[in-house]
Amino acid sequence: MKIFFYLVFVNSVLLAQIKSTDFFYQEVASVFTEKNGLAEKNILRINFGENKNVTAFSIDNEYIFDGKNWKQSSFKSKDNEFECKMKLPNYSNAILSCVNFNNSEVIGTNNGLFIKSENDEDWIELFPNDKNYSWKLSNVNVLIVDAKNRLWFGSNEGIGFLENNKWKLFTGKEGLPYKDFTCIAKSDNGEVWFGTKKGAIRTDGENFYYRFSRRWFPDDYINDIKIQNENTVWFATSNGVSKIEFKKISLEDKADYFTSQVEERHNRNGFIAQNKLTERYDINSWKYDISDNDGMYTAMYGAAQAFRYGVTKSKEAKKLAKRSFEACKWLVDITHEEGFPARVIIPIDWYEPVNEQYNQEYNIKKQQEDPFWKDILPRFPKSKDGKYLWKCDTSSDELAGHYFFYGIYYDLVTETEAEKKTVREVVTAITDH
């Protein structure tokens with residue numbers, strides 16, 4: 001019986017593994033600002049025109065999306081955003097949201113959540129409750145009925161939905177990332193998007209997905225959300241428009257994307273290095289940069305490519321793993337002492353005056369913060385051939401990454417005795433030093 005259970009368990013695990021060719025949906029954000037034709041920052045609404053054109057509305061103007069940029073429209077069409085026209089209950093100050101749920105009118109106010117009685121004469125206040133909470137709501141800013149006929153609300157207390165006469169309520173303890181709700185939208189698959197003053201939240205009633213910051217939006221204040229189709233969602237913000245697309249890709253596609261991105265912008269003389277943007281948010285304005293982790297980044301990239309080669313036997317993977325090994329080995333070869341690795345190597349004509357930056361005044365200041373900081377001058381010695389500068393304040397924790405890579409490269413990539421011998425020699429030199 002134990003053997004049978006073990007075989008069933010192992011087979012279940014193996015069958016459940018994700019393959020490189022399996023597809024999943026990757027969220028991809030596009031941000032649009034004045035550079036893309038939006039003459040105004042504060043965009044209040046998004047709508048879809050008769051020709052399914054995406055239209056953005058400011059206070060005074062509208063802009064139509066042509067697939068790449070926005071163009072100001074010469075005419076003012078009607079923004080048909082739904083408005084609540086229900087009569088206020090006597091004991092409420094303002095209607096903030098409204099919806100029709102199971103043929104009954106429901107309104108959210110600053111003083112609570114109300115549903116019209118069966119005789120259409122009275123308003124009955126709803127007090128959502130479940131096993132964890134019982135709420136008297138305030139500032140019910142958003143209401144919607146989703147594709148599964150669940151009544152959702154967003155208020156100062158949190159969010160929740162009513163389904164089959166039972167409430168389910170959420171606060172931060174249940175995973176709700178943020179409150180201060182501004183808008184709401186529903187998708188055909190039953191998910192709901194909440195707009196807030198600090199980003200947008202997607203939920204299926206069990207899980208929460210929080211999107212905020214310039215990674216996703218030109219500004220975190222979300223004025224409106226419109227779902228174009230099951231794979232495209234638009235956001236009007238106080239500083240422009242965003243679009244999030246759910247693109248179907250495989251893990252192999254995603255790996256190829258990142259490899260090409262690294263090779264295009266982060267390969268500096270074989271080292272995998274960070275870069276900097278000369279213009280904020282514009283990835284096309286990148287230029288090479290250095291960091292104290294150049295060797296570590298290169299080692300981790302090399303290890304990834306070595307693992308890739310071990311599984312796929314890809315010629316590209318072997319080439320990139322070998323290039324990473326040669327770069328890490330170069331850190332050892334360039335220095336004045338056998339087995340002593342440099343931290344960084346840059347051309348002699350590097351655009352920053354690195355030794356002026358790491359002068360004695362800088363060292364003294366650093367020693368006040370860190371008593372172990374060494375007063376090394378110059379911190380970037382010149383190579384023997386005079387073509388390069390190398391940083392000499394080697395880090396032991398950097399070497400942990402180098403050792404990790406050397407072992408994997410030796411086991412998975414090297415094939416000839418000459419290749420293996422080269423790895424052994426560099427590891428021996430570092431270790432003995």
Side-chain angles (χ1 to χ4, degrees), residues 9 12 16 24-25 27 84 86 88-212 220 222 225 227 230 233 246:
F9 174 78
S12 298
F24 67 99
Y25 285 94
E27 291 177 69
C84 294
M86 301 173 186
L88 286 166
N90 294 332
Y91 39 84
S92 180
N93 294 324
I95 292 179
L96 304 177
S97 55
C98 59
V99 74
N100 189 287
F101 178 60
N102 291 340
N103 298 317
S104 296
E105 296 173 346
V106 181
I107 60 173
T109 77
N110 58 328
N111 283 330
L113 177 65
F114 299 87
I115 188 169
K116 203 69 172 289
S117 64
E118 292 183 1
N119 58 17
D120 282 342
E121 293 183 359
D122 300 315
W123 289 94
I124 301 171
E125 185 169 5
L126 300 177
F127 299 94
N129 66 91
D130 63 7
K131 63 181 181 180
N132 298 316
Y133 305 105
S134 181
W135 288 342
K136 153 70 176 171
L137 299 181
S138 59
N139 291 327
V140 186
N141 288 326
V142 294
L143 285 170
I144 207 165
V145 178
D146 70 11
K148 297 180 178 180
N149 198 41
R150 298 179 294 188
L151 172 65
W152 286 85
F153 71 86
S155 70
N156 282 357
E157 291 69 29
I159 70 170
F161 65 80
L162 178 64
E163 183 179 29
N164 298 326
N165 295 318
K166 290 184 179 181
W167 288 99
K168 187 171 183 180
L169 308 177
F170 305 88
T171 69
K173 290 182 179 179
E174 290 72 42
L176 179 65
Y178 196 74
K179 293 188 286 188
D180 277 344
F181 302 105
T182 57
C183 56
I184 194 169
K186 64 178 179 178
S187 63
D188 292 338
N189 63 7
E191 292 184 326
V192 174
W193 283 90
F194 287 85
T196 77
K197 295 180 181 179
K198 194 173 179 62
I201 303 163
R202 175 168 59 92
T203 181
D204 56 7
E206 296 289 339
N207 307 294
F208 291 92
Y209 306 88
Y210 188 31
R211 303 293 178 254
F212 75 103
D220 283 338
I222 311 297
I225 300 174
I227 298 175
E230 63 180 7
V233 185
F246 292 78

ask   = Who are the ring-ring contact (aromatic ring centres under 6.0 Å, His included) partners of Y210, not counting sequence neighbours?
value = F212
inquiry  = One pair to check against side-chain contact (heavy atoms from CB on, under 4.5 Å): F170 and F208. What are the steps and the verdict?
reply    = CA-CA 10 Å; F170 305 88; F208 291 92; 3.6 Å; yes
Working to the nearest 0.5 angstrom, can you tell me the gap between [X] [atom1] and [Y] [atom2]?
X    : Y    : atom1 : atom2 : answer
N164 : K148 : CG    : NZ    : 12.0 Å
N102 : L151 : CG    : CG    : 8.5 Å
F153 : L137 : CZ    : CG    : 5.0 Å
N129 : L169 : CG    : CG    : 7.0 Å
I124 : K116 : CD1   : NZ    : 11.0 Å
N189 : D204 : CG    : CG    : 8.5 Å

ask   = Is F194 close to L176 at the side-chain level, that is, under 4.5 Å between some pair of heavy atoms?
value = no
Taking all non-hydrogen atoms of both residues, which atom of [X] and which atom of [Y] are closest, and how far apart?
X    : Y    : answer
G108 : L143 : N-CD1, 3.4 Å
I107 : C98  : CG2-CB, 3.9 Å
A147 : G190 : CB-N, 3.9 Å
N207 : T203 : O-OG1, 2.8 Å
A200 : I225 : CB-CD1, 4.5 Å

message = Set out, in order, the CA-CA distance, both residues' side-chain angles and the distance that settles side-chain contact (heavy atoms from CB on, under 4.5 Å) for T196 and I201, then state yes or no.
response = CA-CA 8 Å; T196 77; I201 303 163; 4.0 Å; yes
task = Walk me through it: do I159 and F181 pass the test side-chain contact (heavy atoms from CB on, under 4.5 Å)?
result = CA-CA 9 Å; I159 70 170; F181 302 105; 3.1 Å; yes
Just by modelled atom types, is the [Y] backbone N or O under 3.5 Å from a matching donor or acceptor in the [X] side chain?
X    : Y    : value
S104 : I115 : no
T171 : G158 : no
S97  : V140 : yes

Would you please name every residue forming a side chain to side chain contact (heavy atoms under 4.5 Å, CB included) with [X], sequence neighbours left out?
X    : result
I144 : W152, I184, K186, V192
F127 : E125, K136
F246 : Y25, E27, W193, R202, N231, V233, I244
S138 : N156, E157

inquiry  = Please evaluate residues L126 and W167 with respect to the criterion side-chain contact (heavy atoms from CB on, under 4.5 Å), reporting the C-alpha separation (whole Å), side-chain torsions for both, the decisive distance (0.1 Å), and the verdict.
reply    = CA-CA 11 Å; L126 300 177; W167 288 99; 4.3 Å; yes
message = Give me each pair satisfying salt bridge (charged side-chain N to carboxylate O under 4.0 Å, His left out) with a member in residues 163-183, each pair once, sequence neighbours excluded.
response = K168-E206
request  = Would you tell me whether T109 and N111 have side-chain atoms, one donor and one acceptor, within less than 3.5 Å of each other?
outcome  = no
